[in-house]
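We name chains A, B, ... by the order of the sequence lines, and we start the count at 1 in each one. Side-chain atoms are counted along with the backbone in the values below, which use heavy atoms only and exclude waters and symmetry mates. Here the structure is a predicted model, which is why all the values come from computation and not from measurement.
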2 protein chains.
Amino acid sequence: MNPGTRTTIDDIAREAGVSKGTVSRVLNGHPTVADRTRARVQAVMARLDYAPDPAARHLSWRTGQTLGLSLDRDDPLLHPYHVLLRRALESQTAPQGVQLVDLRADLTRMARLPSAVLVMHAVEGDPRPAYLRSRGVPCVLIGHQPGEFWVAPEDVGGARLATEHLIRAGHRQLAFLGHGHSQVAQDRERGCRDSAHAAGLDVQAITSDFTVLGGYRAVRRAWENGTRFTGLFAQSDESAAGAVAALEDLGVDVPGQVSVVGFDGLPELPIRQTLTTVAQDIPRIAATALALVQDAIGGQPARGEFIPVQLLPGATVAPPPGGTP
Amino acid sequence: MNPGTRTTIDDIAREAGVSKGTVSRVLNGHPTVADRTRARVQAVMARLDYAPDPAARHLSWRTGQTLGLSLDRDDPLLHPYHVLLRRALESQTAPQGVQLVDLRADLTRMARLPSAVLVMHAVEGDPRPAYLRSRGVPCVLIGHQPGEFWVAPEDVGGARLATEHLIRAGHRQLAFLGHGHSQVAQDRERGCRDSAHAAGLDVQAITSDFTVLGGYRAVRRAWENGTRFTGLFAQSDESAAGAVAALEDLGVDVPGQVSVVGFDGLPELPIRQTLTTVAQDIPRIAATALALVQDAIGGQPARGEFIPVQLLPGATVAPPPGGTP
DNA sequence: ACTGCTGTTGTAACCGGTTACAAGAAAGTC
DNA sequence: GACTTTCTTGTAACCGGTTACAACAGCAGT
């Protein structure tokens, strides 16, 4: 095949011995295609690695496809995790000509309906999925919820990995830096407590949001008030970074006196170089979300998927001062 | 005109009494069009508010237009200002079918040349504009630099606004929270010093980066070391937020004892509700950058534009404790 | 064998632009 | 006045898909 010439619908048609129209019908899941024909065409498409040209489809459809992102508030727009997830989504939808649009939490005032919606930060009983269904817009949640299409990182499992990593290093005085409001925070705290209890240990809770400053102030205040621990698991990399900075300012050596583990594994954070953390596979979360959108459009039954996380050893974990008893 | 039917190139052609081809030639600045005809066609396009369909052009061109964003490093990706500027650019280029692509600082290894490039954080003698010119790629800088196309906020003027606001409130002990590395930081410090000197005052410098934690630590350390001031101008909203938090933790009342002014005016920051700040018009910066890209493509002579900023009074400025002497 | 119905496929027009080529008009040359 | 040459414009094919409609095959009923 000539380099530089992309495979078109005509190539598929010729190769499969059918007409353009039939290939197009297969592409769009039109029901009036014989099963045998559909299979043959799909085989050829797979073999020639065919992807329809988004510009041509837009031209025919007189409109582009859009993927809405529904947030619960405005400020998550600036949170590193969200920025990176959005970027990953964007880089994966752009080649298919799908455009991302930001939606306010109040979906009832959408100007134009998007082709599909990704619902972020959904909580139990969130009205958004039901509303979208009533408008015929397929939707996928980021976060787990039975009965819906969803994708979520393994928050509980990742928290266990982090906690067990600290325990294996010999730590007995554990603390969790976080806050119980969101589903994510709750899962991460639960994983942490589960692992600790399994080892017969208790976990002190230090309340904090997900931000750097939040982590800094919470840890500094707790330490100044006499709270002591040797192993700290923070619910986010940012709060972990804040914790490390606070300990540094308090003259507490990391990891000499206190070990710190974060969560998310965002490569763009300056601290990523040194922080021990549980890394999420953000590109894969994005890819899975988009695959689920396709399923939802195709009328498949709802399902969810947990995306594995990975412990990323760094320089902020070491055995506790006294060593293992 | 029927609602729902966009004006097409055929409408223009009919209305102007020429053929599709001629309209297309006018659209693309093809030189072989009589001046009289071009003027007539352009008048009709303006009157009917015509915008060519990006999908149709992509289809003909066999490729889409891309706008590259060149950063000097990776981590600015997560800085709030950059995130919001990128979002503004995106929302303005998307309707024209132009796609944003992130470029590494090392432009020599670009996979495919973008249609144009926005160079961020350019410093004097930056090799990127020259390199791009040699490859025939038009570029526009964010930040001012003679001889190039550029757009920049009025950093110096904004810093003067902020400082004069503090001075007008009665402050005599001023401090600047920032760092002299980047062009932006230098301009903002210069504007601050200019205004202070004009009022016969001096300015203490507290070194900090642009982040929340950086501002927090810098201010806290300075204050604990005995540095005193009643009016603080921070080079960014984030460092201002850090400063406010630090002062709060130190038991210093804002604005009772110390007044704080930030810079950027990012609506999505939680502190924006209360912080006195100098607001940038980010959508306008984006729009101007895109207009300059058009100029650059059209071969116009290089020019730059400062975008005005605006003092946004908040709740973090009040007269100093002793009142005006 | 004829009719009517259903299920499947081909045909061709169309989406809104671009552009190679041909054709006309105007101007210069002998 | 006939012949080039140079500008300017119209024509029609094309980019890669979608889809209304026609056509055809197979089958049941009579």
Task: d(CG, B:N28; P, C:dG17) in whole Å - done: 11 Å
Task: B:I12 CD1 to C:dG16 C1', straight-line distance once rounded to whole Å - done: 12 Å
Task: Atom-to-atom span, CG of B:L48 to C1' of C:dG16 - whole angstrom - done: 16 Å
Open item on the list: I want to verify a distance call: between C:dT18, C:dT9, C:dC15, whose nearest atom is closest to the A:R62 side chain?
Closed with: C:dC15
Task: Residue closer to the 5' end of DNA chain C, B:T22 versus B:A56 (nearest nucleotide) - done: B:A56
Task: Nearest-nucleotide 5' precedence on DNA chain D, B:D35 against A:I9 - done: B:D35
- [ ] Identify whether the distance between the nearest side-chain nitrogen and carboxylate oxygen of A:R86 and A:D102 falls below 4.0 Å.
- [x] yes
- [ ] Have a look at B:V18 and say if it touches a base, only the backbone sugar-phosphate, or nothing, with a 4.0 Å heavy-atom cut-off.
- [x] sugar-phosphate
TODO: Using a strict cut-off of less than 4.0 Å between a Lys/Arg side-chain nitrogen and an Asp/Glu carboxylate oxygen, indicate whether A:R303 and A:D295 qualify as a salt bridge.
DONE: yes
Task: Lys/Arg N to Asp/Glu carboxylate O, B:E148 vs B:R128, below 4.0 Å - done: no
Open item on the list: Is it true that A:D155 and A:H144 share a donor-acceptor pair across their side chains at a distance under 3.5 Å?
Closed with: no
Open item on the list: Can you tell me if B:S60 touches the phosphate of C:dT18, counting only side-chain N or O atoms and a distance under 4.0 Å to OP1 or OP2?
Closed with: no
- [ ] Please state how far atom NE2 in A:H30 lies from atom C1' in D:dT18, giving the value in whole angstrom units.
- [x] 10 Å
TODO: Calculate the interatomic distance between B:Y50 atom OH and C:dG16 atom P; express it in whole Å.
DONE: 10 Å
Task: Length of the line joining B:L27:CG and C:dG17:P, which is rounded to integer Å - done: 8 Å
Open item on the list: Any base atoms under 4.0 Å from B:T8, or only sugar-phosphate, or nothing? Heavy atoms, all strands.
Closed with: sugar-phosphate
Open item on the list: Mind checking if A:D10 touches a base, just sugar-phosphate, or nothing, with heavy atoms under 4.0 Å?
Closed with: nothing
- [ ] Take the protein atom CZ of B:R36 and the nucleotide atom C1' of D:dT8, then report the distance between them rounded to whole Å.
- [x] 12 Å
Task: Pair A:R104 + A:D106: basic N to acidic O under 4.0 Å - done: no
TODO: Kindly say if A:R57 contacts the phosphate of D:dT18, meaning a side-chain N or O under 4.0 Å from OP1 or OP2.
DONE: yes
Open item on the list: With a cut-off of less than 4.0 Å, is there a side-chain N or O of B:S24 near OP1 or OP2 of C:dT18?
Closed with: yes
Task: Selected nucleotide, minimal atom distance to A:R25 side chain, candidates C:dG16, C:dG17, D:dC21 - done: D:dC21
Task: A:D53 side-chain proximity, nearest of C:dG10, D:dG17, C:dG17 - done: D:dG17
Open item on the list: For a quick check of understanding: with a heavy-atom distance under 4.0 Å over all strands, which category does B:V23 fall into, base, sugar-phosphate or nothing?
Closed with: nothing
Open item on the list: At less than 4.0 Å, is any side-chain N or O atom of A:T37 found next to OP1 or OP2 of C:dT8? Yes or no.
Closed with: no
- [ ] Starting from P on C:dT18, measure out to CG on A:L59 and report it in whole angstrom.
- [x] 12 Å
Task: Donor-acceptor pair under 3.5 Å, A:K20 side chain vs D:dG17 base - done: yes
TODO: Answer yes or no: does atom CZ of B:R135 have more than 12 heavy-atom neighbours from other residues, nucleotides or ligands under 6.0 Å?
DONE: no
